[in-house]
Amino acid sequence: MPVAASAIYFLNLRGDVLINRLYRDDVGGNMVDAFRTHIMQTKDLGTCPVRQIGGCSFLYMRISNVYIVIVVSSNANAACALKFVVEAVALFKSYFGGAFDEDAIRNNFVLIYELLDEIMDFGYPQNLSPEILKLYITQEGVRSPFSKPIDTRPPANATLQVTGAVGWRREGLVYKKNEVFLDIVESVNLLMSQKGTILRCDVTGKILMKCFLSGMPDLKLGLNDKIGLEKEAQVKARPAKSGKTIELDDVTFHQCVNLTRFNSEKTVSFVPPDGEFELMKYRITEGINLPFRVFPSIKELGRTRMEVNVKVKSLFGSKMFALGVVVKVPVPKQTAKASFQVTSGRAKYNASVDCLLWKIRKFPGQAELTMSAEVELISTMVERKSWTRPPIQMEFQVPMFTASGLRVRFLKVWEKSGYSTVEWVRYITRAGSYEIRC
Amino acid sequence: MNADSGHRKGEIAELKSQLRQLAGSRAPGVEEVKRELYKKVISYMTIGIDVSSLFSEMVMCSATSDLVVKKMCYLYVGNYAKVHPDLALLTINFLQRDCQDDDPMIRGLALRSLCSLRVMNFVEYLVGSLRKALKDNNGYVRQVAAMGVLKLYHIAPTACIENDFVATLKSMLSQDPDAQVREWSRTVCVRCKRFWFWREPTMTVQTKIGRYYIASKSIKDFSEWAQCLVLDMVSKYIPVDPNETFDIMNLLEDRLQHSNSAVVLATIKVFLQLTISMADVHQQVYERIKAPLLTLISSGSPELSYAVLSHLHLLVMRAPILFSSDYKHFYCRYSDPSYVKKLKIEMLTAVASESNMYEIVTELSEYAANVDVGITREAIRAVGKIALNLCDVNAIVDRLLQFLEMERDYVTAETLVLVKDLVRKYPEWSHDCIAVVGNVSSKSIQEPKAKAALIWMLGEYSHDMLDAPYVLESFVDNWLEEDSPEVRLELLTAAAKIFFKRPPESQKLLGAALAAAVDDPDQDVHDRGLFYYRLLQQGVQTAESIVNPPKKAVSDFADIQNSEMRDRIFDEFNSLSVIYREPSYMFLDKEHRKLYEFSDEAAPTDVLPTQKLDANDNDLLLGAFDKEESQSGVSNGDDGPLSAPRSPSPTLLGDSVPPVSASNIPAAFGIDDLLGLNISTPPPPPPSLVLSSKPVLDSGTFQKKWSQLPVALSFEHPISAQSLKTTQPLLRHMQEKSVQCMASGGQSPTFKFFFFAQKADGMPGTGFFLVECLVHTSAGKASVKVKSEDSTFTAAFSDLFKSALSSFM
């Protein structure tokens with residue numbers, strides 16, 4: 001069963017309708033009231049993103065201060081519907097310049113209606129790619145792709161884009177300087193027990209590209225992943241080079257990547273879209289280099305005092321450094337004040353999140369920094385019991401470091417005109433959910 | 001409120017006059033003013049103010065070259081056309097005119113709005129424009145037109161057929177000069193597929209294969225959303241042989257690497273459905289789809305993870321071993337929303353096995369300390385579930401008992417319920433458990449379930465707990481404050497049990513409990529009180545053998561969801577049913593839902609006979625009671641504590657002894673009488689069935705009915721069909737027997753038919769029988785599934801059908 005959305009609503013947190021678009025007649029107009037009274041005004045709001053009232057199902061998502069609600073009356077494909085909302089939000093964001101909230105919607109409601117008209121017809125998702133939609137729906141108003149003089153944009157080509165088949169690139173692009181930017185962005189997810197054993201650790205990475213290339217270039221990307229290297233060794237009949245190889249647990253690609261070729265030759269080859277896009281995503285669970293280890297010790301001294309000692313050790317190379325490191329140490333709600341001693345950075349008690357925040361702007365590699373704090377509590381017996389010691393959380397960014405060890409071996413660009421290109425490759429590792437129990 | 005609406009009215013009136021002024025104006029700058037006005041109207045419409053009174057002005061002003069204004073107007077018209085069909089007629093003209101515009105964009109947009117009006121009496125206007133648009137020289141327009149055909153189909157299927165739109169689309173599918181339109185019309189065909197499939201009974205399996213094959217081979221040309229639809233269709237296809245299955249799977253394997261999670265899930269569905277009858281390949285499929293699924297749960301929004309986890313849960317229930325090494329993926333993150341956490345905990349429970357049990361229970365214990373009470377409960381329940389499912393509970397028991405020491409009320413409550421189940425299954429652990437349970441302060445437990453569990457354990461293991469009688473006593477003292485009948489029932493039983501084990505200490509306790517029970521307002525408690533009382537009169541031994549017989553350990557607790565249900569959900573993989581964990585008919589079917597509502601309404605009237613029966617029952621019992629009492633007089637030494645219940649009985653006797661019991665009619669006769677009351681008339685003989693010779697049922701309705709009705713009957717029947725080469729002979733034969741064919745296909749040696757028939761005297765549109773019939777010519781056998789709208793005639797119909805099959809050739 002396809003999505004077959006009967007209606008889409010955008011609501012603010014009060015439940016006022018910001019946008020409503022009916023696609024089918026099979027749900028009544030009062031559906032939004034049902035959502036308000038049975039979901040928004042009850043405690044169930046956050047308990048489940050898919051709910052059923054009467055004969056209708058509501059699939060909803062909160063994005064900043066807006067709810068997007070899809071109403072279906074059939075046994076719809078829930079995953080597809082939710083994915084559609086995610087994609088639609090990405091599209092709106094790209095139109096509004098990054099912000100998607102109540103104000104942005106109120107200021108752009110005509111545009112949103114236009115987009116909703118294009119991205120979904122009769123409840124079926126249509127082309128959602130911003131590159132194509134921006135060709136004929138713009139902030140200023142609609143411009144018909146067909147109204148242009150024929151020599152600048154032949155109608156056949158325009159049809160091709162509007163109907164969204166070769167969704168990702170148009171012909172006839174010219175750049176003075178041909179450049180490719182490639183970013184490998186990894187987020188490390190860690191869950192460590194009190195005793196320092198790793199309960200769970202994985203890396204989700206993505207390769208982001210920004211292409212400013214003329215014509216219809218063909219790109220080929222080589223990584224140091226295990227399967228790709230082995231395949232190459234097979235083809236060239238020489239042993240794989242020694243050095244670290246990475247085993248990717250799972251990979252997904254942007255639609256421009258030729259998946260057949262990936263499966264047969266294990267190389268990532270593609271005709272890139274113009275501008276910025278996400279080339280691939282991957283997941284790795286084996287052989288991860290943790291950028292940081294945390295050694296916490298939290299002692300409760302009597303009823304009103306706590307002693308917090310946190311030692312953080314950076315494990316990446318000494319020439320590298322981490323930026324924007326934040327260590328969040330949770331403390332009970334009834335914390336009165338805290339005094340700190342840190343070897344580097346700044347620490348303070350933030351009552352709004354019930355945490356000690358320790359910020360280190362620049363954290364060198366192979367270093368060990370500590371924070372010790374004395375926390376004073378207001379003595380209340382009852383409250384005390386409900387404190388359950390949430391995990392310590394960390395935020396950081398480590399440029400030029402990949403927790404998985406993934407490296408770009410080559411990035412080749414072919415175009416029939418044979419121009420030369422400049423390639424830029426960057427690596428960065430970020431904290432995903434980096435949690436240490438204490 | 002009034003002032004406000006008055007104010008609004010004023011505003012709308014102003015808008016109206018402004019629009020009217022603009023209508024004919026060609027002054028410079030008028031477009032901008034129009035745009036602003038339209039914006040205002042649309043924003044009013046959005047917040048729910050009725051601006052339909054502006055309809056004619058809006059339409060008048062819409063003659064403009066500004067696309068934005070046009071679009072807003074289309075939106076407006078689309079919104080109000082349904083409510084004001086008379087007004088909408090005005091727009092038809094202007095939309096039709098726009099359908100002839102020079103700009104293809106406008107042609108397309110106008111056509112889309114025209115098709116979206118969805119008003120029955122517009123169909124005639126629509127058809128002309130659609131026909132023209134399907135032959136438009138611009139791809140965009142043709143694409144919109146293809147979509148329009150589908151919309152038309154939904155409001156007026158006959159119009160679609162009469163105008164040969166389906167055929168036109170079909171030819172577009174293969175001949176359209178624009179590759180994209182080909183893709184599009186194919187997509188629409190795919191969306192129309194059900195109508196196609198049912199409409200063409202002559203269509204052979206061969207062409208179907210062709211279609212599916214084309215679809216899967218060229219799947220890369222489709223947009224990602226269209227791919228989902230194609231994949232969904234492929235998943236319904238049954239390949240002729242394993243080779244074909246593998247071909248399709250090879251073609252589609254790279255879809256698992258697609259970045260769109262919807263495509264990945266749709267592909268997974270195809271793989272699972274294609275291999276469902278090939279056990280070992282099915283297992284391999286599970287291995288293959290594991291990695292992509294695990295990726296999906298950790299990437300993207302929590303809502304998506306939720307959807308994916310629901311699907312994983314279904315898969316895990318089918319193959320728990322498979323994910324048992326991947327359990328770490330289901331560890332909760334601190335920041336996960338509770339609905340994701342809840343599902344992850346369920347996953348951990350489902351994948352727990354001997355090998356990973358220790359880690360999982362350790363992790364779950366961490367969650368038990370969570371701030372979120374709901375999650376804590378789920379975690380504790382999960383630990384208990386694992387303990388009940390696995391044999392090696394050594395480590396788990398300690399964990400559970402630790403929970404009791406956390407001294408948080410809801411943790412204790414949840415744990416007590418589990419400990420109760422645990423000792424029922426593993427009596428050998430009872431000693432350890434009871435030692436800890438004995439320390440639990442009964443005051444801290446408020447929840448009825450937990451209270452009942454504690455009381456049960458007190459009664460059951462009173463020999464291990466010294467102070468059991470006194471704890472129970474305090475409960476009995478507070479009998480009147482106890483709201484839950486469940487707890488009171490449990491308390492009564494516990495009092496009886498403890499009396500059998502430690503009579504001297506608990507005689508008083510039992511007496512008090514019985515007295516309180518007999519006075520209890522709850523029928524069940526009252527009845528059980530009397531029952532125990534009478535049992536005890538028969539002698540303590542007898543009573544004990546009934547109230548507290550030696551128990552066997554429970555080996556398996558009943559599974560809530562049966563496997564058949566799960567299979568049905570599995571058939572609907574990648575849909576809401578997986579998330580709701582019930583087959584779609586449970587939550588979609590109007591009839592089904594109505595049935596529920598109906599039975600709710602009917603409940604009060606239903607109650608009457610049962611109440612009557614209860615009352616009768618009571619009288620009878622009391623009659624017996626009375627007799628016994630008069631015969632045996634005052635019984636034995638139990639008299640002291642048991643005297644309490646007698647006090648209410650005389651009044652009861654005096655008031656309500658009916659003549660029946662007074663005249664001492666033997667109880668057995670009374671029961672016979674009761675039974676007689678219940679089935680006063682023997683079931684009517686199966687009514688004879690006459691089938692309508694010309695049943696009318698269109699394919700859409702057939703499909704709907706087919707998916708809604710449960711299989712009423714399925715059987716195999718011999719058929720002499722060795723020489724059957726095409727479906728036609730059998731078709732004709734069945735037609736003679738008033739059984740019509742909806743669709744058929746297949747090749748020797750297997751054919752598949754969908755038949756339907758209708759009761760002759762039935763109302764039009766009711767009394768249908770739907771049949772799926774698989775004929776294996778070589779085996780000379782037909783497997784038949786019958787679905788029926790009128791269950792009283794199912795048997796009669798199947799007899800008819802069988803005889804029809806037997807008489808073939």
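The shown structure was predicted, so the numbers you read here are calculated from the model rather than taken from an experiment. Each chain gets a letter, A, B and so on, in the order its sequence line appears, and its residues count up from 1.
- Remark: A:R437 engages B:E363 in a salt bridge, criterion side-chain N to carboxylate O under 4.0 Å.
- Smallest separation of non-hydrogen atoms from A:S433 and B:R333: OG-CD, 3.2 Å.
- Proximity to chain A (any heavy atom under 4.5 Å) is shown, for B:D102, by neither the backbone nor the side chain.
- With a threshold of 4.5 angstrom between heavy atoms, A:I284 does not approach chain B through any atom at all.
- Heavy-atom minimum distance, A:C80 versus B:C228: SG-SG, 4.2 Å.
- The CD atom of A:Q52 lies 8.5 Å from the CG atom of B:L576; values are rounded to the nearest 0.5 Å.
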Q.
If you apply the rule side chain to side chain contact (heavy atoms under 4.5 Å, CB included), what do you find for A:L191 with B:Y334, and how did you get there?
A. CA-CA 9 Å; A:L191 180 60; B:Y334 190 71; over 6 Å; no
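- The NE2 atom of B:H329 lies 6.5 Å from the CG atom of A:D249; values are rounded to the nearest 0.5 Å.
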Q.
Pair B:V68, A:V110 - check side chain to side chain contact (heavy atoms under 4.5 Å, CB included), show working.
A. CA-CA 8 Å; B:V68 178; A:V110 174; 3.9 Å; yes
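- Only the side chain of A:L59 comes within contact range of chain B, with heavy atoms under 4.5 Å apart.
- Side-chain contact check for A:F253 versus B:S259: every heavy-atom pair is 4.5 Å or farther apart.
- Interface remark: A:V50 contributes backbone and side-chain atoms alike to the contact with chain B (heavy atom separation under 4.5 Å).
- Between chain B and the options A:L82, A:N20, A:L199, A:V251, heavy-atom pairs under 4.5 Å are most frequent for A:L199.
- Of the two parts of A:Y113, only the side chain, counted from C-beta on, holds a non-hydrogen atom closer than 4.5 Å to a non-hydrogen atom of chain B.
- For the residue pair B:Y580/A:S57, the side-chain donor-acceptor check at 3.5 Å is satisfied.
- Put simply, of A:E87, A:R62, A:R200, the one with the most heavy-atom pairs under 4.5 Å next to chain B is A:R200.
- Annotation: maximal heavy-atom pairing with chain A below 4.5 Å, among B:V308, B:L294, B:L296, B:V578, occurs at B:L294.
- With a 6.0 Å radius and a threshold of 12 heavy atoms from other residues, nucleotides or ligands, B:K342 has its NZ atom at or below the threshold.
- For chain B, no part of A:E278 is nearby; none of its heavy atoms comes within less than 4.5 Å.
- Considering SG of A:C48 and CD of B:E303, their distance stands at 10.0 Å, rounded to 0.5 Å.
- Residues A:E435 and B:S335 approach most closely at OE2-N, 3.9 Å, considering heavy atoms.
- Between B:R112 and A:E118, at least one side-chain N (NZ, or NE/NH1/NH2) sits under 4.0 Å from a carboxylate O, which counts as a salt bridge.
- Heavy-atom distances place both the backbone and the side chain of B:S43 under 4.5 Å from chain A.
- Contact count versus chain A (heavy atoms, under 4.5 Å) is highest, among B:L256, B:V263, B:L304, B:T295, for B:T295.
- B:F330 pairs by the ring-ring contact (aromatic ring centres under 6.0 Å, His included) definition with nothing, not counting sequence neighbours.
- Counting heavy atoms from C-beta outward, B:L109 and A:D117 have side chains that approach closer than 4.5 Å.
- When all heavy atoms of A:K83 and B:N260 are compared, the pair lying nearest together is CG-OD1, 3.3 Å.
- For B:S261, the parts sitting under 4.5 Å from any heavy atom of chain A are the backbone and the side chain alike.
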Q: Kindly determine whether B:L293 and A:D250 satisfy side chain to side chain contact (heavy atoms under 4.5 Å, CB included), including the steps that lead there.
A: CA-CA 9 Å; B:L293 277 171; A:D250 187 44; over 6 Å; no
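- Atom CG of B:L75 is separated from atom CZ of A:R21 by 5.5 Å, given to the nearest 0.5 angstrom.
- There is no contact between A:S187 and chain B, counting heavy-atom distances below 4.5 Å.
- Between the NE2 atom of A:H254 and the CD atom of B:Q257 there is a distance of 15.5 Å, given to the nearest 0.5 Å.
- Note that CD of B:E572 and CG of A:N77 are 12.0 Å apart. Values are rounded to the nearest 0.5 Å.
- Ranking B:Y38, B:F573, B:Y331 against chain A, the residue ahead of the rest is B:Y331, based on heavy-atom pairs under 4.5 Å.
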Q.
Show, in sequence, the C-alpha distance, side-chain angles and deciding distance for A:R389 and B:E366, and conclude whether the side chain to side chain contact (heavy atoms under 4.5 Å, CB included) test is met.
A. CA-CA 10 Å; A:R389 288 205 187 182; B:E366 288 285 341; over 6 Å; no
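- Counting heavy-atom pairs closer than 4.5 Å to chain A, the top-ranked of the candidates B:K328, B:H258, B:E359, B:M72 is B:K328.
- For NZ of A:K328, the number of neighbouring non-hydrogen atoms (other residues, nucleotides, ligands) closer than 6.0 Å is 12 at most.
- Neither the backbone nor the side chain of B:L343 has a heavy atom closer than 4.5 Å to any heavy atom of chain A.
- Heavy-atom distances place both the backbone and the side chain of B:I42 under 4.5 Å from chain A.
- By number of non-hydrogen pairs under 4.5 angstrom with chain B, the leading residue of A:V257, A:V85, A:N189, A:L18 is A:N189.
- For the 3.5 Å distance criterion, the side chains of B:S577 and A:N75 qualify, holding a donor opposite an acceptor.
- Contacts of A:D16 with chain B are absent, with no heavy-atom separation under 4.5 Å from either backbone or side chain.
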